[in-house]
**Q** 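Quick one: this structure, given as structure tokens, is what I'll be asking you about.
If you're wondering where the values come from, they're calculated on a predicted model, not measured in any experiment.
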Amino acid sequence: MFKRQIIILFSILWVHSLGAETLRLNSGETLKGRIRAMDEQILYLDSELTSQQLKVERSDIRLIEFDEVLRSMTRRLGLGLFYRPNGSVEEISVKNWLSQTDALELLVSYREGTSNLFSVEARFNRVFLQEGEYDLYYGAGGGLTTVGTEKGTRLRVFSGSEMFPTTSPNVGIGVEIGMIRESAGPSTKFDASNKTLNEQTFYHAFTARYYF
């Protein structure tokens, strides 16, 4: 019993020093404030919405998020791969975070085949929802594509999700869907017959980056 009390005491001091800001309940509700005390059954929260101290059953809490452990990507640079299966397109991704929600990305690709391909695209994306390990984002991009001697343009709008595993916070793994329009460039296959392709089509892609 004495050991259990010691463990509870240290957990209370640890949580209080962190200053948890968000409680996510099983009911779907969210409470924000500062944790004052906690035992095996009850958590006491100084709510931001009222001057009273709230008493919350531990069994009703789904997730506790702390200020100090919130992930920050501001001014971080990521290097990795952007892969589009339906076009067999592999591109090098360089992604620079301007803030916690906004990022600029450069996609570069080069391949040799029936006609040599080179493409470069600049993209902007914004995170509209961040929860736990996941970022949900949307964005748009544009660039140039060269197939042999033919030059074309590329326009893209997209939305996706990027996951940062707790055990490897510097790694980002994601999926993306969107619409892409290419003129004079290969959108589905890599061969000379696509040099005059001009179409708008849905696509999906997978991403993997390491952030410095």
Side-chain angles (χ1 to χ4, degrees), residues 7-8 10-38 43 45-46 48 56 58-85 89-109 120-141 156-178 203-212:
I7 293 174
I8 293 174
F10 274 104
S11 66
I12 292 173
L13 294 175
W14 178 72
V15 171
H16 179 68
S17 65
L18 285 177
E21 68 160 6
T22 303
L23 302 183
R24 300 191 182 277
L25 307 183
N26 295 327
S27 62
E29 297 177 316
T30 299
L31 298 177
K32 292 188 176 183
R34 183 178 180 85
I35 293 178
R36 283 299 178 185
M38 180 175 64
L43 182 146
L45 182 75
D46 288 342
E48 295 180 353
V56 184
R58 289 281 303 275
S59 59
D60 294 334
I61 300 174
R62 177 173 60 88
L63 179 67
I64 302 177
E65 295 180 353
F66 301 96
D67 284 333
E68 284 77 1
V69 298
L70 289 179
R71 173 170 37 83
S72 176
M73 301 300 295
T74 304
R75 296 185 180 180
R76 299 193 66 178
L77 181 69
L79 299 177
L81 181 67
F82 184 96
Y83 175 60
R84 182 154 53 97
V89 176
E90 300 173 356
E91 298 175 278
I92 299 298
S93 167
V94 181
K95 188 172 182 178
N96 182 39
W97 287 85
L98 306 176
S99 68
Q100 184 66 12
T101 58
D102 298 338
L104 291 177
E105 184 178 11
L106 186 68
L107 298 180
V108 180
S109 177
V120 59
E121 177 183 345
R123 309 184 346 147
F124 171 82
N125 71 254
R126 169 164 292 176
V127 175
F128 65 88
L129 179 62
Q130 183 183 80
E131 185 169 356
E133 300 176 352
Y134 295 90
D135 281 354
L136 298 181
Y137 63 88
Y138 62 87
R156 189 198 312 252
V157 293
F158 55 86
S159 181
S161 174
E162 190 169 14
M163 180 187 72
F164 301 87
T166 303
T167 55
S168 303
N170 294 325
V171 176
I173 301 173
V175 294
E176 184 176 297
I177 59 174
Y203 77 92
H204 65 283
F206 302 97
T207 63
R209 305 179 185 89
Y210 186 87
Y211 289 95
F212 298 90

**Q** Please report the interatomic distance CD1(I92) to CG(L107), rounded to the nearest 0.5 Å.
**A**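 One gets 9.5 Å once the value is rounded to the nearest 0.5 Å.
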**Q** If you take all heavy atoms of A205 and P85, which pair is closest and at what distance?
**A**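 Shortest heavy-atom separation between A205 and P85 comes out as CA-CD, 4.2 Å.
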**Q** Is T30 reaching over with its side chain to a backbone N or O of R24, donor-acceptor style, under 3.5 angstrom?
**A**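 Side chain of T30 to backbone of R24: no pair is present.
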**Q** Decide yes or no for L31 and V56: does some side-chain heavy atom of the first lie under 4.5 Å from some side-chain heavy atom of the second?
**A**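 A side-chain contact under 4.5 Å exists here.
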**Q** With a 4.0 Å cut-off, would you call E105 and K95 a salt bridge?
**A**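 No, E105 and K95 are not salt-bridged.
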**Q** Report yes if some heavy atom in the side chain of E90 is under 4.5 Å from a heavy atom in the side chain of S109; otherwise report no.
**A**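 No, side chains not in contact.
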**Q** If you count the non-hydrogen atoms of other residues, nucleotides and ligands that lie under 6.0 Å from CD1 in I177, is the total more than 12?
**A**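 No.
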**Q** Please tell me if the side chains of D102 and W97 come closer than 4.5 Å, counting only heavy atoms from C-beta onward.
**A**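 No, their side chains stay 4.5 Å or more apart.
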**Q** Answer yes or no: is there a donor N or O on one side and an acceptor on the other, between the side chain of N26 and the main chain of S59, under 3.5 Å?
**A**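 Yes, the answer is positive, given that a donor and an acceptor are paired below the 3.5 Å cut-off.
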**Q** Given side chains that start at C-beta, do those of R156 and R123 come closer than 4.5 Å, heavy atoms only?
**A**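 Of all side-chain heavy-atom pairs linking R123 with R156, at least one is under 4.5 Å.
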**Q** Answer yes when R209 and E162 have at least one side-chain N-carboxylate O distance shorter than 4.0 Å, and no when they do not.
**A**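 Looking at E162 together with R209, the answer is yes, because their closest N to O distance falls below 4.0 Å.
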**Q** Would Y211 and F164 count as a ring-ring contact (aromatic ring centres under 6.0 Å, His included) if you check the C-alpha gap in whole Å, the side-chain angles of each, and the deciding distance to 0.1 Å?
**A** CA-CA 10 Å; Y211 289 95; F164 301 87; 5.8 Å; yes
**Q** Is Y138 close to R126 at the side-chain level, that is, under 4.5 Å between some pair of heavy atoms?
**A**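 They are in side-chain contact.
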**Q** To the closest 0.5 Å, what do you measure between CE (M73) and OG (S99)?
**A**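 So the CE of M73 and the OG of S99 are separated by 11.5 Å.
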**Q** Do L79 and Y210 touch side chain to side chain, with heavy atoms closer than 4.5 Å?
**A**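 A side-chain contact under 4.5 Å is absent here.
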**Q** Using modelled atom types only, decide if a donor and an acceptor are shared between the side chain of T22 and the backbone of K32 within a distance under 3.5 Å.
**A**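 Judged by distance alone, no pair lies under 3.5 Å.
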**Q** How many angstroms lie between atom OG of S161 and atom OH of Y137, to the nearest 0.5 angstrom?
**A**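 Interatomic distance, S161 OG to Y137 OH, rounded to 0.5 Å: 7.5 Å.
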**Q** If I take atom OG1 from residue T101 and atom CD from residue Q130, how far apart are they, to the nearest 0.5 angstrom?
**A**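 The CD atom of Q130 is 9.5 Å from OG1 of T101, to the nearest 0.5 Å.
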**Q** Do the side chain of T207 and the main chain of G174 share a donor and acceptor less than 3.5 angstrom apart?
**A**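 Confirmed, T207 side chain pairs with G174 backbone.
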**Q** Could you tell me the separation between the OG atom of S159 and the CG atom of L136, rounded to the nearest 0.5 Å?
**A**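 Going from the OG atom of S159 to the CG atom of L136 covers 7.0 Å.
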**Q** Tell me whether E29 is salt-bridged to R62, with the criterion being a basic N under 4.0 Å from an acidic carboxylate O.
**A**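 No, no charged N to carboxylate O under 4.0 Å.
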**Q** Parallel, tilted or perpendicular, judged at 30° and 60°: which one describes the rings of Y83 and F206?
**A**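 Rings of Y83 and F206: parallel, as their planes differ by under 30°.
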**Q** Assess whether side chain to side chain contact (heavy atoms under 4.5 Å, CB included) is satisfied between V89 and F82, documenting all intermediate values.
**A** CA-CA 8 Å; V89 176; F82 184 96; over 6 Å; no
**Q** Between the side chains of N96 and R76, does any donor sit under 3.5 Å from an acceptor?
**A**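 Side-chain D/A pair, N96 to R76: absent.
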